[in-house]
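Everything on this sheet refers to the single structure shown next.
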Amino acid sequence: MRLAISVGDEAHELGYPHMFTDMFNSIEENRQPLETFYDGYVVNAILDAAYKSAESKLWELVILEDWRGDEPEEHQKKWNSYDEDHYLIKEEILPNGDTKLILRHKQTGVVTQKVTHGKE
């Protein structure tokens, strides 16, 4: 059995009428649209890194040959040490009271999760 989920007016929910209205207005007003080709380029670079990360199971860099933003910070984000082998990326309290930890191995970069039950 196959289940289809309807979102009502899908084109409107995804913003297509607004996007096309802005595009046509930008042509008439001789201005850049709110979302440009460059914005699409950045989104695609992010998606490329996400696909690569899903395959490698590691954090992957977003590679932009044409960066138009602020200069990148010289220092990389510092994670707190969880134990001798892992950095703590994120700690989350689940609805049942358990704690979920997202950990990154210091040497390999492999990301794992650990769930502790209650307040261990």
Side-chain angles (χ1 to χ4, degrees):
M1 177 166 77
R2 194 170 173 166
L3 178 64
I5 298 174
S6 175
V7 293
D9 183 358
E10 184 174 355
H12 183 75
E13 293 297 323
L14 295 174
Y16 296 140
H18 303 294
M19 176 185 66
F20 284 112
T21 299
D22 177 60
M23 181 182 67
F24 293 129
N25 287 342
S26 69
I27 293 168
E28 290 175 356
E29 298 167 6
N30 196 28
R31 64 169 174 81
Q32 285 283 327
L34 295 175
E35 293 181 9
T36 66
F37 179 81
Y38 182 76
D39 295 323
Y41 163 71
V42 171
V43 168
N44 276 285
I46 294 168
L47 289 171
D48 289 345
Y51 282 122
K52 188 174 179 183
S53 178
E55 186 175 302
S56 70
K57 307 291 188 240
L58 300 171
W59 292 96
E60 298 291 348
L61 293 176
V62 174
I63 299 172
L64 292 170
E65 300 294 330
D66 180 15
W67 174 246
R68 300 180 187 173
D70 295 335
E71 289 300 316
E73 295 182 20
E74 290 299 318
H75 62 281
Q76 190 175 15
K77 178 178 169 132
K78 303 279 189 223
W79 289 300
N80 292 327
S81 188
Y82 174 73
D83 60 22
E84 187 175 309
D85 296 322
H86 297 91
Y87 294 113
L88 176 64
I89 303 296
K90 181 181 178 188
E91 182 175 0
E92 178 181 356
I93 305 298
L94 301 176
N96 67 356
D98 292 350
T99 301
K100 180 167 78 170
L101 306 171
I102 306 295
L103 305 170
R104 179 178 183 265
H105 194 274
K106 292 178 180 178
Q107 297 299 317
T108 66
V110 172
V111 176
T112 57
Q113 67 180 6
K114 175 181 178 182
V115 176
T116 59
H117 302 287
K119 296 184 179 186
E120 291 182 12

> For Thr99, which of Ile93, Leu94, Val115 qualifies under side-chain contact (heavy atoms from CB on, under 4.5 Å)?
Replying inline: Ile93
>> Rounded at 0.5 Å granularity, tell me how far CZ in Arg104 sits from CD in Gln107.
In response: 10.0 Å
> Can you find a pair of side-chain heavy atoms, one from Leu64 and one from Tyr41, that are under 4.5 Å apart?
Replying inline: yes
> How many angstroms lie between CD in Gln32 and CG in Asp22, if you round to the nearest 0.5 Å?
Replying inline: 10.5 Å
Could you go through residues 44-55 and list every donor-acceptor pair under 3.5 Å that involves a side-chain atom there, pairing it with any protein atom two or more places apart or in another chain?
from  : atom 1 : to    : atom 2 : distance (Å)
Asn44 : ND2    : Gly40 : O      : 2.8
Ser53 : OG     : Leu58 : O      : 2.7

> Who are the side chain to side chain donor-acceptor pair (under 3.5 Å) partners of Glu28, not counting sequence neighbours?
Replying inline: none
> Any ion pair linking Arg68 and Asp66 (charged N to carboxylate O, less than 4.0 Å)?
Replying inline: yes
> Taking atom CD of Glu35 as the centre, does the number of heavy atoms from other residues, nucleotides or ligands within less than 6.0 Å exceed 12?
Replying inline: no
>> Using a strict threshold of under 4.0 Å (side-chain N to carboxylate O), is an ion pair present between Lys106 and Asp83?
In response: no
> Does a side-chain heavy-atom distance below 4.5 Å link His105 with Leu103?
Replying inline: no
> Got Asn96 and His117 here, is their nearest side-chain heavy-atom distance under 4.5 Å?
Replying inline: no
> Around Tyr16, counting heavy atoms of other residues, nucleotides and ligands shown, do more than 12 lie under 6.0 Å from its OH?
Replying inline: no
> So how far is it from Leu88 CG to Ile102 CD1, rounded to the nearest 0.5 Å?
Replying inline: 9.0 Å
>> Quick check for you: to the nearest 0.5 Å, what is the distance between Thr108 atom OG1 and His86 atom NE2?
In response: 7.0 Å
> Under 4.5 Å between side-chain heavy atoms, hopping through other hydrophobics if needed: is there a path connecting Tyr87 to Trp59?
Replying inline: yes
